[in-house]
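The next block holds one structure in the form of structure tokens; read it before the comments.
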Amino acid sequence: MSDKVAIHMEKAGPNFYDDEAVFATYMQHRQRSDTPNETLEKPVLMDLIGLITDKRILDLGCGDAAIGREFLQQGAASYVGVEGSHKMAAIARQTLADTSEQIIQQTIEDWTYPHAAFDLAIARLSLHYVADLVPIFTKVFDALVPSGRFVFSVEHPVITSCDRGWKSGTPRQDWIVDDYFTTGLRVTNWLGGTVQKYHRTVEDYFHLLQEAGFMIADLREAHPQREYFHDVQTYERRKRIPLFLILAAHKPG
Ligand SMILES: C[S@@+](CC[C@H](N)C(=O)[O-])C[C@H]1O[C@@H](n2cnc3c(N)ncnc32)[C@H](O)[C@@H]1O
């Protein structure tokens with residue numbers, strides 16, 4: 001196979017982020033002002049997480065682990081990040097270099113989850129890269145203590161349903177939703193690469209949690225809030241299309 005063909009081959013989540021050019025573009029994107037992650041996803045996630053003092057935290061698909069650093073500064077007891085991309089895991093280790101916390105370079109699917117070891121599990125924008133969430137949610141359930149909480153964000157199902165009509169890198173002004181109830185693999189162009197994602201409906205995420213034994217506490221769609229935006233035009237534009245779905249659940253006490 002020629003390099004030219006290989007460059008355009010679709011990649012699974014961790015391999016996608018290990019691509020030199022994709023990784024560099026992703027890290028640049030996260031530095032921009034008013035990123036959707038900072039303005040939309042993180043405020044809701046933090047609201048649903050609440051107090052983290054003395055909590056033992058597991059982060060699945062932790063990326064650069066910047067949030068782990070924040071949690072530790074706010075008094076979390078410990079933080080374990082699981083990250084499939086070698087490049088991302090290396091950055092995460094740098095982020096936590098002056099702590100004794102662990103970054104595990106493994107996939108969410110392959111890691112051996114310890115039993116009843118965490119008070120809180122989070123997964124920020126990593127689970128839509130996982131083909132089968134049934135075993136993952138069961139493992140997260142088992143890894144939590146009774147009353148332990150699971151809060152995760154994914155790309156909103158209207159986004160994962162179909163990307164027809166969107167040119168990656170251009171601001172979304174409107175969005176085509178199609179094949180919504182045909183769930184499963186999607187291949188999409190993003191950050192100059194081609195990645196595999198898995199589309200699920202809102203209902204699917206809800207039922208997957210219930211079937212694993214979780215009690216669902218909240219479901220949010222990251223409704224834009226003006227206070228988080230520097231730029232009013234970006235705020236107005238973000239009111240058009242939902243980008244994130246965030247769920248909070250807990251293991252019964
Ligand atoms: C959009 S980034 C989000 C990173 C971080 N959670 C954040 O919000 O800043 C998605 C991350 O999930 C990781 N990831 C994707 N699929 C994964 C898998 N199957 N196992 C482990 N990590 C995975 C990617 O390598 C990437 O670092």
Side-chain angles (χ1 to χ4, degrees), residues 10-32 35-49 57-72 79-96 101-113 120-137 139-140 143 150-156 159-160 168 185-200 220 222 228 243-247:
E10 63 206 55
K11 292 188 169 147
N15 295 342
F16 175 73
Y17 286 90
D18 267 339
D19 180 291
E20 199 86 41
V22 166
F23 181 77
T25 311
Y26 175 78
M27 296 309 273
Q28 272 172 14
H29 266 238
R30 293 295 299 263
Q31 301 307 317
R32 289 177 315 179
T35 63
N37 307 63
E38 289 300 316
T39 54
L40 298 170
E41 185 256 358
K42 190 175 172 193
V44 176
L45 189 102
M46 294 308 242
D47 185 34
L48 293 178
I49 287 173
I57 301 173
L58 169 65
D59 186 356
L60 299 173
C62 67
D64 66 4
I67 201 161
R69 193 174 179 82
E70 252 180 71
F71 286 148
L72 293 165
Y79 173 85
V80 174
V82 176
E83 173 51 56
S85 147
H86 292 266
K87 281 193 196 305
M88 210 58 101
I91 297 281
R93 288 193 178 119
Q94 280 174 25
T95 307
L96 300 181
E101 306 307 316
Q102 267 183 294
I103 297 297
I104 295 156
Q105 195 280 303
Q106 278 218 344
T107 65
I108 293 166
E109 295 92 324
D110 291 345
W111 186 51
T112 305
Y113 293 59
L120 170 69
I122 66 166
R124 298 180 68 195
L125 302 171
S126 54
L127 296 179
H128 51 267
Y129 296 110
V130 175
D132 186 2
L133 287 182
V134 173
I136 308 305
F137 281 13
K139 288 188 229 184
V140 172
F150 183 28
V151 181
F152 68 86
S153 60
V154 285
E155 280 190 5
H156 197 288
I159 300 295
T160 54
S168 175
L185 180 66
R186 299 291 194 270
V187 175
T188 188
N189 296 319
W190 190 50
L191 301 175
T194 307
V195 66
Q196 297 174 343
K197 294 180 184 174
Y198 294 88
H199 168 63
R200 300 175 178 90
R220 303 268 195 94
Y228 295 110
L243 296 187
F244 304 113
L245 174 70
I246 303 126
L247 279 141

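Counting convention: from 1, in listed order, for ligands and their atoms alike.
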Next on the checklist: Contact between F16 and L191 at the side-chain level, heavy atoms closer than 4.5 Å - yes or no?
Outcome noted: yes
Next on the checklist: Which residue and atom name correspond to the protein heavy atom nearest atom 6 (N) of ligand 1, and how close is it?
Outcome noted: G61 O, 2.7 Å
Next on the checklist: Please list all pairs meeting salt bridge (charged side-chain N to carboxylate O under 4.0 Å, His left out) that have one or both residues in residues 63-72, counting only residues at least two apart or in different chains.
Outcome noted: K42-E70, R69-D98
Checklist entry - In the protein, what heavy atom is nearest to atom 1 (C) of ligand 1, and what distance, to one decimal place, separates them? => result Y17 OH, 3.1 Å
Next on the checklist: Any atom of ligand 1 sitting under 4.0 Å from a heavy atom of E41?
Outcome noted: no
Item to check | Protein contact to atom 9 (O) of ligand 1 [nearest heavy atom, distance to 0.1 Å] | outcome: R30 NH1, 3.0 Å
Checklist entry - Does ligand 1 have any atom sitting under 4.0 Å from a heavy atom of V82? => result no
Next on the checklist: Would F16 count as a contact residue for ligand 1, given that I'm defining contact as a non-hydrogen atom of the residue lying under 4.0 Å from a ligand atom?
Outcome noted: no
Item to check | Shortest protein heavy-atom distance from atom 12 (O) of ligand 1, along with the residue and atom involved | outcome: S126 CB, 3.5 Å
Checklist entry - Which ligand 1 atoms, with their elements, are less than 4.0 angstrom from a heavy-atom of G84? => result 21 (C), 22 (N)
Checklist outcome for this item: Contacts of Y129 meeting ring pair (Phe, Tyr, Trp, His ring centres under 6.0 Å) (sequence neighbours excluded), chain-then-number -> Y17
Checklist entry - Is the NZ or CZ atom of K197 both under 6.0 Å from the centre of the six-membered ring of W190 and within 45° of that ring's axis? => result yes
Checklist entry - Going by the atom numbers of ligand 1, which of them fall below 4.0 Å from some non-hydrogen atom of M88? => result 27 (O)
Checklist entry - Hey, are the side chains of L120 and I49 touching, using non-hydrogen atoms and a 4.5 Å cut-off? => result yes
Checklist entry - If you measure every N/O of D64 against every N/O of ligand 1, is any gap under 3.5 Å? => result no
Item to check | Heavy atom of the protein closest to atom 8 (O) of ligand 1 (residue, atom name, distance) | outcome: R124 CB, 3.4 Å
Checklist entry - G63 heavy atoms, cut-off 4.0 Å: which ligand 1 atoms fall inside? => result 4 (C), 5 (C), 27 (O)
Checklist entry - Quick one: does E83's side chain have a donor or acceptor within less than 3.5 Å of a partner on G63's backbone? => result yes
Checklist entry - Do the side chain of T95 and the main chain of A66 share a donor and acceptor less than 3.5 angstrom apart? => result no
Checklist entry - Does Q196 reach the main-chain N or O of V187 with its side chain, forming a donor-acceptor pair under 3.5 Å? => result no
